[in-house]
Amino acid sequence: MALPQCLMREIQGKQAHDPSFMEKGIIKTRCEYVDGPVIVGAGPSGLAAAACLKQKGVPSVVLERSGCIASLWQLKTYDRLRLHLPKQFCELPFMDFPTDFPTYPTKEQFIKYLEEYAKNFDIRPRFNESVAHAEYDCTLRLWRLKTVGAKGEETEYVCRWLVAATGENAEPVMPTMEGIDDFGGCIKHTSLYKSGEEFQLKNVLVVGCGNSGMEVCLDLCNHKAKPSIVVRDTVHVLPREMLGKSTFGLSMWLLKWLPIRLVDRLLLLVSWLMLGDTARFGLDRPRLGPLQLKNLSGKTPVLDVGTLAKIKSGDIKVFPGIKRLKRHTVEFVDGQIKKFDAIILATGYRSNVPSWLKEEEMFSRKDGLPRRAFPNGWKGECGLYSVGFTKRGILGASMDAKRIAEDIERCWKVEANRNTSLLPYSLS
Ligand SMILES: Cc1cc2nc3c(=O)[nH]c(=O)nc-3n(C[C@H](O)[C@H](O)[C@H](O)COP(=O)(O)OP(=O)(O)OC[C@H]3O[C@@H](n4cnc5c(N)ncnc54)[C@H](O)[C@@H]3O)c2cc1C
Ligand SMILES: NC(=O)C1=CN([C@@H]2O[C@H](COP(=O)(O)OP(=O)(O)OC[C@H]3O[C@@H](n4cnc5c(N)ncnc54)[C@H](OP(=O)(O)O)[C@@H]3O)[C@@H](O)[C@H]2O)C=CC1
Ligand SMILES: O=C(O)C(=O)Cc1c[nH]c2ccccc12
């Protein structure tokens, strides 16, 4: 909508003193006032927030840097990916998965569900708009965001509420390794890995033993490559299912009755019966149990979908941390030296919030996550919110989205009344 004229004049006045908005003395940036929240990111979290707001009658604008919704799932994941929690734990608010979807939907099915979700709630993100800067303007008492489009065009958005939904997995983590430039073979992050097809008969080193690294190793095996995995620290591997139930579902159920330490003991006992002693294969377990560790550090246990059997059979070799790389060669911290054709970095992801949100209180600059512990990280000051930074997957994002919508709805109603009764013009 058009910006109320008094606000427009004030913003233009400010832009005239900001060189980034000026080109030959002319303001080059398009400016738009959004009557409602601006949501940054059109992944599952952003979609959930937009849908919950819509249900409350609050319109929003969703800004997305890529050309599609759920860009993580559409562009940055491997072909064989499925949800590894049962579908009922990965639903967004107000819309179930279709009944004909399997318990663990494929990534194509999950994307189809998200497309359907956006359509259902008439969420039309503005694609190819990357938020480069967002800051609270204390004089205007509004958030001001600058986006950059595909051709470098800039837009300024001004709004009362800002919802960060750029995700915990916004940027790949690229480790620094001595000699990385000398290696000479293909080195790629899992966000660019699609399948093991291109690695047939090749010796591939997978760095990192989270869910991505473990599953990529299995995929490499299935494509007749020869994978090895770097396990530099401890890791909890649990079977995806126990006693005919999903390990995740069983854990949630047990947590209703039993303390977390006891549930962890049970999980480890059943894992030991089903998988054996993982330390025998180079996978030492952390001192803390899997759920306690997840709660305290956010580190997700590996839900095994067949990798461990390949490690046991020797099809996947386990190595300790990397000391340095040389031409097609890797030297490990225990002194072993091996030749590899390629390296896959399964070293995880990080949030990018500090790169665009100029704010110090709500988000930590260090890891780009809310400082307040779950479930209190969703709300900041001055109309700032976060959705999907709980380290609790889609379930956590859905909880945030519902809370945010309830909170904004309250102010929305108050402000709507005030605007119609006090202002000479209507903001709607
Ligand atoms: C391989 C993989 C599998 C997973 N499987 C599960 C699972 O089975 N169950 C589960 O519950 N969780 C799972 N997760 C956790 C994951 O966090 C969620 O699945 C989900 O994608 C998170 O949604 P999100 O919207 O918070 O983040 P994302 O899906 O990452 O979406 C964020 C969006 O913001 C956009 N964006 C980023 N920066 C900007 C910017 N500056 N300006 C504009 N737009 C921007 C991105 O392009 C992206 O589209 C998995 C994660 C990974 C990596
Ligand atoms: N099917 C599914 O649903 C899947 C879900 N996921 C989820 O996606 C998210 C991201 O997972 P993932 O990509 O595995 O990332 P994670 O952050 O979970 O794991 C990264 C791994 O890389 C290791 N690492 C990082 N740097 C180095 C280094 N320099 N040398 C050696 N090891 C290193 C880490 O070890 P350390 O612990 O020592 O730091 C850790 O084991 C998780 O939440 C995961 O559960 C991922 C894949 C499939
Ligand atoms: O896949 C992930 O990383 C998730 O965030 C899903 C998830 C949330 N809580 C968990 C506990 C154990 C295993 C997976 C998850």
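When reading the values below, keep in mind they use all heavy atoms of this one structure, side chains included, and skip hydrogens, waters and symmetry mates. We count ligands from 1, going down the list as the structure has it; atoms in each ligand are counted the same way.
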| message | Tell me the protein heavy atom at minimum distance from atom 9 (C) of ligand 2, and give that distance in Å. | response | N169 OD1, 4.3 Å
| For atom 38 (N) of ligand 1, the protein heavy atom that lies nearest, with its residue and separation | N352 ND2, 3.0 Å
| said: Counting the benzene-type ring for Trp, do F248 and F89 have ring centres under 6.0 Å apart? | reply: yes
| field | Proximal candidate to atom 25 (O) of ligand 1 [heavy atom criterion; set A42, S45, A164, A49] | value | S45
| Under 30°, 30 to 60°, or over 60°: which ring-plane class applies to Y113 and F110, parallel, tilted or perpendicular? | parallel
| Looking only at heavy atoms of V207, does any of them come nearer than 4.0 Å to an atom of ligand 2? | yes
| If you measure from each heavy atom of Y104 to ligand 2, is any distance below 4.0 Å? | no
| query | Taking both backbone and side-chain atoms of H84, is any N or O found less than 3.5 Å from an N or O belonging to ligand 1? | reply | yes
| query | Any side-chain donor paired with an acceptor under 3.5 Å for E359 and Y136? | reply | no
| query | Do the numbers put R144 on top of the ring of Y157, so that NZ or CZ is under 6.0 Å from the six-membered ring centre and no more than 45° off the axis? | reply | no
| Side chain or backbone of F110 under 4.0 Å from ligand 2, or both, or neither, by non-hydrogen atoms? | neither
Please table the atom pairs, donor to acceptor, closer than 3.5 Å between any side-chain atom in residues 177-188 and protein atoms at least two apart or in another chain.
{"unit_1": "E178", "atom_1": "OE2", "unit_2": "R324", "atom_2": "NE", "d": "3.1"}
{"unit_1": "K188", "atom_1": "NZ", "unit_2": "E198", "atom_2": "OE2", "d": "2.8"}

| said: I need the atoms of ligand 1 closer than 4.0 Å to a non-hydrogen atom of L63, numbered in the order shown. | reply: 43 (C), 44 (N)
| Identity and separation of the nearest protein heavy atom to atom 1 (O) of ligand 3 | H84 NE2, 3.0 Å
| Quick one: nearest non-hydrogen protein atom to atom 29 (N) of ligand 2, plus distance? | P175 CB, 3.4 Å
| contact_flag G321 ligand 2 heavy-atom lt 4.0 Å | no
| Where on H84 is there a heavy atom closer than 4.0 Å to ligand 2, on the side chain, on the backbone, on both, or on neither? | both
| said: Give me the residue, atom name and distance of the protein heavy atom closest to atom 22 (O) of ligand 2. | reply: A346 O, 3.1 Å
| Are any of the N or O atoms of V131 closer than 3.5 Å to those of ligand 1? | yes
| Best match, T300, L303, T390: closest heavy atom to atom 15 (C) of ligand 3 | T300
| request: For atom 43 (O) of ligand 2, grab the closest protein heavy atom and report residue, atom and distance to one decimal in Å. | output: T300 OG1, 3.5 Å
| Mode of R82 contact toward ligand 2 - side chain, backbone, both, neither (heavy atoms, under 4.0 Å) | backbone
| note | protein heavy-atom neighbour closest to atom 10 (C) of ligand 3 works out as F248 CE1, 3.4 Å
| query | Looking only at side chains, do D407 and Y385 share a donor and an acceptor under 3.5 Å apart? | reply | yes
| message | I'd like to check whether E64 has a polar contact with ligand 1, where a contact means an N/O of the residue lying under 3.5 Å from an N/O of the ligand. | response | yes
| field | R392 and N295: side chain donor to acceptor below 3.5 Å | value | yes
| Against heavy atoms of N169, which atoms of ligand 1 measure under 4.0 Å? | 16 (C), 17 (O), 51 (C), 53 (C)
| query | For atom 33 (C) of ligand 2, which candidate among R232, E168, K391, R392 provides the closest heavy atom? | reply | R232
| task | If you have a sec, work out which protein heavy atom is nearest atom 48 (C) of ligand 2 and how many Å separate them, to one decimal? | result | Y78 OH, 3.1 Å
| said: Taking 4.0 Å as the limit for heavy-atom contacts, which would you say applies to L85 with ligand 3: side chain only, backbone only, both, or neither? | reply: side chain
| request: Give the residue and atom name of whichever protein heavy atom lies nearest to atom 13 (C) of ligand 1, and the separation in Å to one decimal. | output: W73 CZ2, 4.3 Å
| task | Mind checking whether V235 contacts ligand 2 via backbone (N, CA, C, O), side chain (CB onward), both or neither, at a 4.0 Å heavy-atom cut-off? | result | neither
| query | Do the ring centers of H189 and Y349 come within less than 6.0 Å of each other? | reply | yes
| note | Nearest non-hydrogen protein atom to atom 44 (N) of ligand 1, with distance, is R65 N, 3.1 Å
| Which atoms from ligand 3 have a heavy atom of G393 less than 4.0 Å away? | 5 (O)
| said: Can you tell me how the ring of W161 sits relative to the ring of W412, calling it parallel under 30°, perpendicular over 60° and tilted otherwise? | reply: tilted
| said: With rounding to the nearest 0.5 angstrom, report the CD1 to CG distance, I316 to L220. | reply: 8.0 Å
| Hey, which atoms in ligand 1 end up nearer than 4.0 Å to a heavy atom of G393? | 10 (C), 11 (O), 12 (N)
| ligand 2 contact by K299, heavy-atom criterion under 4.0 angstrom | yes
